[in-house]
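A short write-up of the structure that comes next.
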Protein chains: 2
Amino acid sequence: MARQGSQSASPVPSLRIGEVARRTGLPVKTIRYYCDEGLLQPKDRSAGGYRLFDEENLAELAIIRALRAMDVSIPELARILEVRRAGVCNCAVLKDSIAAKMESINLRIGELAAMKDELARLLSSWQDCGGSKLQR
Amino acid sequence: MARQGSQSASPVPSLRIGEVARRTGLPVKTIRYYCDEGLLQPKDRSAGGYRLFDEENLAELAIIRALRAMDVSIPELARILEVRRAGVCNCAVLKDSIAAKMESINLRIGELAAMKDELARLLSSWQDCGGSKLQR
DNA sequence: AAGAACCCTCCACTGGGTAGAAGCTTCACC
DNA sequence: GGTGAAGCTTCTACCCAGTGGAGGGTTCTT
């Protein structure tokens, strides 16, 4: 078993990707993908090239995870995280994108409900098809 | 302009892909894609290799269009159309897949509603952020 | 020093199309 | 019968948000 970090002074000096995966519940591949896409910037690399993450990265991943679950796109997330990284209050940005997201969720729910109605109509109109031969 | 079909005896002897696109409202590329995926089998080819469609193809496209709008997947559609092509009553198959679709729509609506609630909670909890400086 | 666990990059694949290139076919009109 | 243009063909590559695997290097424990 490869354990790491013999120091116990600072709480989270540097986490490797596997540990981050364990803590966030995201697959290692996905975290690496987020790095590639510029969403996440590991604070450092080990001498051997391993990505090293810190608590700030964990916080960012929490945001990413939450907003992805709400179908916020990767480019949108990149925008949000960039603003956040700049140290500016990102309430406005977040609020805008969340409001837009709620709007699109409402639309989508409406569409799905309409579909459901249509499917129900279909089903009830076929009530009487016994199942013997063609009606193509 | 390239017009076609000087015969006017049979109502729909053979339509080329562009005309089918016009009648169904689907992009030419999409119809070709459906052919490639085996959903649609043009009744013939011209001497020059053009796909030639008939009314049965139009009916199939109508089904494809309607079910795709309800997020029925391409492989599922292939299954449905195959059964239909076999001349057997496909009520059972359709009913099953429609019932399953309704179930998944219900699930999805539930998920979306939960998301919306969560977003609303987020928004209301940020009510008081004026927008000046960081709170990262 | 060995071995296990971990990590790296690179490439290919998913689904449901969409975009473009290079070249062939069909048609109306002259 | 020639010409122009629209229409069609196949092929390749791209989109999103990852996921899987190959092949090889690093870190840690024993």
Side-chain angles (χ1 to χ4, degrees), chain A residues 1-8 13-40 42-53 57 61 63-81 104, chain B residues 1-8 13-40 42-53 57 61 63-81 104:
Chain A
M1 223 192 254
R3 207 87 44 83
Q4 66 136 37
S6 46
Q7 306 164 257
S8 57
S14 59
L15 301 166
R16 291 192 320 203
I17 203 168
E19 181 61 24
V20 172
R22 226 163 285 125
R23 295 203 190 191
T24 59
L26 288 168
V28 167
K29 287 253 178 188
T30 301
I31 297 171
R32 227 175 261 138
Y33 171 72
Y34 288 158
C35 292
D36 291 349
E37 294 304 303
L39 291 193
L40 200 59
K43 284 304 146 182
D44 210 349
R45 288 267 184 162
S46 79
Y50 286 14
R51 290 172 185 84
L52 299 176
F53 299 89
N57 291 138
L61 270 175
I63 293 174
I64 293 170
R65 222 169 83 98
L67 297 190
R68 275 301 300 137
M70 297 167 200
D71 280 330
V72 175
S73 74
I74 300 286
E76 178 84 4
L77 265 173
R79 211 166 58 84
I80 291 171
L81 289 169
S104 76
Chain B
M1 223 189 252
R3 207 89 40 87
Q4 67 135 35
S6 47
Q7 306 165 256
S8 57
S14 57
L15 303 166
R16 291 193 322 204
I17 203 167
E19 182 60 23
V20 173
R22 226 163 284 125
R23 296 205 190 189
T24 60
L26 289 167
V28 167
K29 293 246 178 192
T30 300
I31 297 171
R32 225 175 264 136
Y33 170 72
Y34 288 158
C35 292
D36 291 349
E37 294 304 303
L39 291 194
L40 200 59
K43 285 303 147 182
D44 211 349
R45 289 267 182 162
S46 79
Y50 287 14
R51 291 170 184 85
L52 299 175
F53 300 90
N57 291 137
L61 269 176
I63 292 175
I64 292 170
R65 224 168 83 98
L67 297 190
R68 275 299 300 137
M70 296 166 198
D71 279 331
V72 175
S73 74
I74 300 285
E76 177 85 3
L77 266 173
R79 209 165 60 84
I80 290 171
L81 289 170
S104 76

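Remember, it's a predicted structure, so these values are computed and weren't measured experimentally. Letters A, B, ... mirror the listed sequences (proteins, then strands); counts begin at 1. Below, all heavy atoms of this structure are taken into account, side chains as well, without hydrogens, waters or symmetry copies.
Of the listed nucleotides (dT10(D), dC8(C), dT19(D)), dT19(D) has the atom at the smallest distance from the side chain of K29(A). Of the listed nucleotides (dT27(D), dT9(D), dG18(D)), dG18(D) has the atom at the smallest distance from the side chain of I74(A).
Of the options N57(A), I64(A), L40(A), a side chain to side chain contact (heavy atoms under 4.5 Å, CB included) to I31(A) is made by L40(A) and by none of the others.
Separating the OH atom of Y33(A) from the P atom of dA12(C) is a distance of 18 Å, rounded to the nearest angstrom. Spacing between atom CG of D36(B) and atom P of dT18(C) amounts to 13 Å, rounded to whole angstrom units. In this entry the distance linking CD1 of I31(A) with C1' of dT19(D) reads 14 Å, nearest Å. Rounding to whole angstrom units, CG of residue L52(A) and C1' of dT27(D) are separated by 12 Å. F53(A) has its CZ atom 16 Å from the P atom of dC6(C), to the nearest Å. For the pair Y50(B) OH and dT26(C) P, the computed distance is 6 Å after rounding to whole Å. The CZ-P distance, from R32(A) to dT9(C), rounds to 7 Å in whole Å. The distance between atom CZ of R16(A) and atom P of dT26(D), rounded to the nearest whole Å, is 13 Å.
Contact annotation: S73(A) side-chain N/O to dC16(D) OP1/OP2 distance is not under 4.0 Å. In terms of phosphate contacts, S46(B) brings a side-chain nitrogen or oxygen within less than 4.0 Å of OP1 or OP2 of dT26(C).
Between D36(A) and R51(A), the shortest heavy-atom distance links the atoms OD1-NH2, 4.0 Å.
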Practice item. Tell me, with the steps shown, if E19(B) and R16(B) meet salt bridge (Lys or Arg N to Asp or Glu O under 4.0 Å). Key: CA-CA 6 Å; E19(B) 182 60 23; R16(B) 291 193 322 204; over 6 Å; no

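Using a 4.0 Å heavy-atom cutoff across all strands shown, R51(B) reaches sugar-phosphate atoms only and no base atom.
Between atom CD1 of residue I74(B) and atom CG of residue L39(B) there is a gap of 5.0 Å, rounded to the nearest 0.5 Å.
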